[in-house]
Every structure is written in structure tokens, then in C-alpha cells.
There are 2 protein chains.
Amino acid sequence: MKDDLIYGYIERLAALFRADARRAGGGKRLQPVQLEALHYLSICNRYSNTPAAVAEFLGLTKGTVSQTLRILQADHLIEKEIDQKDRRIVHLSPTERGRELVTRSIPPQRLQNAIGQLSEHTQDNIANALNLLLHNLQQANELKTFGLCKTCRYLRTEADQVHRCGLTEEHLHEDDTGKICREHTTAELPAPPRRGPRSRQPRPG
Amino acid sequence: MKDDLIYGYIERLAALFRADARRAGGGKRLQPVQLEALHYLSICNRYSNTPAAVAEFLGLTKGTVSQTLRILQADHLIEKEIDQKDRRIVHLSPTERGRELVTRSIPPQRLQNAIGQLSEHTQDNIANALNLLLHNLQQANELKTFGLCKTCRYLRTEADQVHRCGLTEEHLHEDDTGKICREHTTAELPAPPRRGPRSRQPRPG
DNA sequence: TGCCTAAGTATCGATCCGATACTACTTTAT
DNA sequence: ATAAAGTAGTATCGGATCGATACTTAGGCA
């Protein structure tokens, strides 16, 4: 078992990224968690941009995330909009300022320096190894995958390149299929959609 | 450039580890940073177990780390001892309780679940890919490596398996060479030891 | 002796974070 | 139709994180 070794490497890399995030931030100093929340909101689709989804993604409670989002909003980095169909739900979108900040800060400069020195082939190897590890970790522990919509088993592409989500039957724009979805389910998984006690329709994209 | 992808994977893995660390902790709930500090102190050699080294390793300021260590000491997870040669320096060692806690919590159960399912070969691939990435990141940004003493370019092994550090000329026990050293310098690096304006002797092990 | 530097601590304020309690809204059961 | 249960989100409290700043103690050096 190489778990000690692998854990050590990832912890080390993550610590360096966090230190980077702390020192960077571009003028308006953001905390690492704030930056991660902003980052998520800039790469998720329009059905996954709610406070609850951010909390799930970051592995924090919704109360904790609520404060972080309040700060981001106060700094004019995100905007809130109430869902008209279900008025309990809030949709969050990064402002232009917010998007610029994410683009400047992620990925961190140090990582770019390092990866730029590696061959395409080596980069692929690293990306594949990490993908495999993450995928295995999520599957072994039955965690949410937060994958791209276009890799979801419920995505159907019909005639004339019309995309449709098999869970909600909704039409999807091409753009949406390249973003992270909260309801993403890995294609290889034979498991059926878990329709537990909750009868609410999931809201995938 | 696969940097976006690679960053995403690592950030995701680290978030899961942190969530694990928060929920675990075994009775005495430790914060993720506290656990990481305790972990470091349980794998570093006797010359790298100071507050300053912990701060360097975690990428935090010494003031911040000082508080964390105070809490660990109050919980009887570490012990402090003043260096007799330089009485400014404090040496930190985990107590028996501290060591048990680290052993229980690191690596996290979820990672063990995931890695246990992979073949030896796949585990090696992942470990190698991460090692390469981390090594490259440290070298490209001139960061401290915090590697094992036995992989340091300054380690010399003399007759009768007597180990000696080329920087301090000190004798080293076999045990020490398997631990993390603050002054570790990667073997492949042709760079000379940086003896800058500081005239202090480094304290490798 | 006196100055400089280094290791470590103390304190403050902004933020993080979970726990708890609450409001507003939707869905379900009766 | 109405009550009950469940969900999304917010507010507040207390302990911890974290950087900035200022400080104490100790060693190095002229």
C-alpha cells in the first residue's frame, strides 16, 4: 500500500497551492476558501450554482458557506438571483470582476511554472493518474463526482446536436455540457439513479 | 497545458482529505491544520522539529503556528523541550497519545479504501506521477523540498555504515536518515548550498 | 559592551467553521 | 383545503485559523 506516500504528496501540493492563494489574490486579498468558491461558481453549470451546491463541493456546512458568499457578494465578485420557479433557491453568478480574479489566480503561477517544463506526454500521464485516483476515491466512498455534464451517463445527444438531460428531459446548450454538474453520474457506473425518500426532481444540466 | 485539469484534481482530492480530517480526529477533535502539524512532527528528524520548521512546512507564519502548537501542547499531544546548545530553539516531539492519533487519522480512511482497490502497478504509477509533479514544482520555484535525509546530496555513508551529514559533519543514526529533514537538498541539483548573508550553520540530520 | 539578527510568543482583528436556531417556501399527507 | 414535513438559505455564537505587529529572549559579532 502506497497510501502514506500518495497522501504525503497530495497534502504537500495542496499546502503549496493554499500558500499561493493566500499570497496572491490580486489587490483584493481573498482567502483560499473564498477563491475556491468563486472558482467553482465560474465552472459550474446553471443548475449547480446555488449555495447548497457550493457547500457540497467544498465539503462544508451550508451555514459556513453562507458567510463566505456574503463576503464575496459584498466585494462585488458574485451576484445573487432568486429562482422564479422555486423561490427558496438562490442562483449565484460571478461578476466580470469575479471572473477576472479567478482567471488571474487559478491555476497558481507556481503550478504553471512547473507544468510548463514537462512534455505533453508527461502532463497526460500525471493528469490520467490523478483522474484515476480521484475517480476511484469517489466511487469507493460513494461521493458526488461533480463531473462535466458531457461525461454524465444521463446526457443524450439527439438529432441536430440537440443535447438533453435524461433526468429532467431538459434541453441543454452546448456550453452547459462542458461545465460541472452537481447531479453528475459517472458513465461506467451501472447503479440506477437513487430516487430515495426524496421525490424532488434533481436539477441537472 | 493541462494545468487547469491537474489543479482541479488536486484541489478536489485535498478538499476531500480536509473534510475527512474535520470529521475524524478520534474523540479529541483536531482541526486539519493541527493534525497536519502533528503529522509533520511525527515524521521529521530531530533537527527539523522546531516551530520555525513547522511554519515553513505548512507555509504559514511563525506567529500562526505558535498558537496551533500551544493548543496541541495543551491537549498533551506534543511536548516542548528547549535546546541546550541554543536556548532560543524549542524542540517538539509528539507524545504517545499524539502518535496514536496520527496513526489512526493519516492517511484518511477514504484514501485507504480507494487505494486498496488498485493494483500495485497502478499505485506505483500514481505515486511516481505525483512525485514527479511535486519535485518539478519545488525545483521550478526554488522551494524547500523537505525530503528524506537518505535522499539528500549531503549525506555520506562511511565505513561500518556510519552516516554523516556533509553540512554539519555530524554523525547520524540509521533511523534519522528515513525521516524528513528541513535542510534537505535534492541529489540531482547541481546547485551549491546557499550560504547567503546568514552565517548560521544549517542544522541538517 | 553594544548592535544586529534569529527563535519564539502575545495580541488584535478579520475570517473560517460547525452547531444551533430561525425564516421562507415547497411538497406531501390527510 | 389545510396541516405536517421537508428543503434552501440566513443569522448568531463560540472556538480556531491566520497575518500583521510588537515584543522578549538568546546568540553572533565587531
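This one's a predicted model, so the numbers in the text were calculated from it and none came from an experiment. Naming: A, B, ... by sequence-line order, numbering from 1 per chain. The figures here come from the full heavy-atom set of this structure, side chains too, leaving out hydrogens, waters and symmetry mates.
The side chain of A:Thr50 sits closest to D:dG9 out of C:dC16, C:dC17, D:dG9.
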Could you go over nucleotides 20-26 of chain D and give all protein N or O partners under 3.5 Å, atom names and distances?
unit_1	atom_1	unit_2	atom_2	d
D:dA26	OP1	B:Arg87	NH2	3.3

Sort me out a list of protein N/O and nucleotides 2-4 of chain C N/O pairs below 3.5 Å, or just none if empty.
none

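Summarising the geometry, the separation between CG on B:Leu69 and P on D:dA16 is reported as 14 Å, rounded to the nearest angstrom. Spacing between atom CZ of B:Arg70 and atom C1' of D:dC18 amounts to 13 Å, rounded to whole angstrom units. Between the CG atom of B:Leu60 and the P atom of C:dG8 there is a distance of 15 Å, given to the nearest Å. Between the CD atom of B:Glu36 and the P atom of D:dA16 there is a distance of 19 Å, given to the nearest Å. For B:Ile82 and C:dA6, the CD1 to P distance is 20 Å, given to the nearest whole Å. Here the P atom of nucleotide C:dA24 and the CD1 atom of A:Ile89 are 18 Å apart, to the nearest Å. Rounded to a whole Å, the CG atom of B:Asp20 is 13 Å from the P atom of C:dG18. Atom P of nucleotide C:dC17 and atom CG of A:Leu58 are separated by 8 Å, given to the nearest angstrom.
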Enumerate, atom names and distances included, each donor-acceptor pair closer than 3.5 Å involving a side-chain atom of residues 60-68 of chain A, sequence neighbours excluded.
unit_1	atom_1	unit_2	atom_2	d
A:Thr61	OG1	A:Thr64	N	3.4
A:Thr61	OG1	A:Thr64	OG1	2.9

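Residue A:Arg22 has a polar side-chain atom (N or O) positioned under 4.0 Å from OP1 or OP2 of D:dC18. The shortest distance between the side-chain N/O atoms of B:Lys80 and the OP1/OP2 oxygens of C:dA7 is not below 4.0 Å.
Each of A:Arg18 and A:Pro51 was matched to the nucleotide of DNA chain D holding its nearest heavy atom; the match closer to the 5' end belongs to A:Pro51.
Comment: B:Arg156 engages B:Glu169 in a salt bridge, judged by a side-chain N to carboxylate O separation of less than 4.0 angstrom. Taking 4.0 Å as the cut-off between side-chain N and carboxylate O, A:Asp83 and A:Lys85 do not count as a salt-bridged pair.
For residues 50-59 of chain B, the set of pairs meeting the salt bridge (charged side-chain N to carboxylate O under 4.0 Å, His left out) definition, not counting sequence neighbours, comprises B:Glu56-B:Lys144, B:Glu56-B:Arg182.
Not counting sequence neighbours, B:Tyr9 has no partner by the ring pair (Phe, Tyr, Trp, His ring centres under 6.0 Å) test. Listed by chain and number, the residues in a ring pair (Phe, Tyr, Trp, His ring centres under 6.0 Å) with B:Tyr7 are A:Phe17, A:His39 (sequence neighbours excluded). Listed by chain and residue number, nothing satisfies the salt bridge (charged side-chain N to carboxylate O under 4.0 Å, His left out) test with A:Arg70 (two or more places apart in sequence, or in another chain). Evaluation of the side-chain contact (heavy atoms from CB on, under 4.5 Å) rule for B:Glu96 yields B:Glu100 as partners, not counting sequence neighbours. In terms of the side chain to side chain donor-acceptor pair (under 3.5 Å) criterion, B:Gln84 has no residue partners (sequence neighbours excluded).
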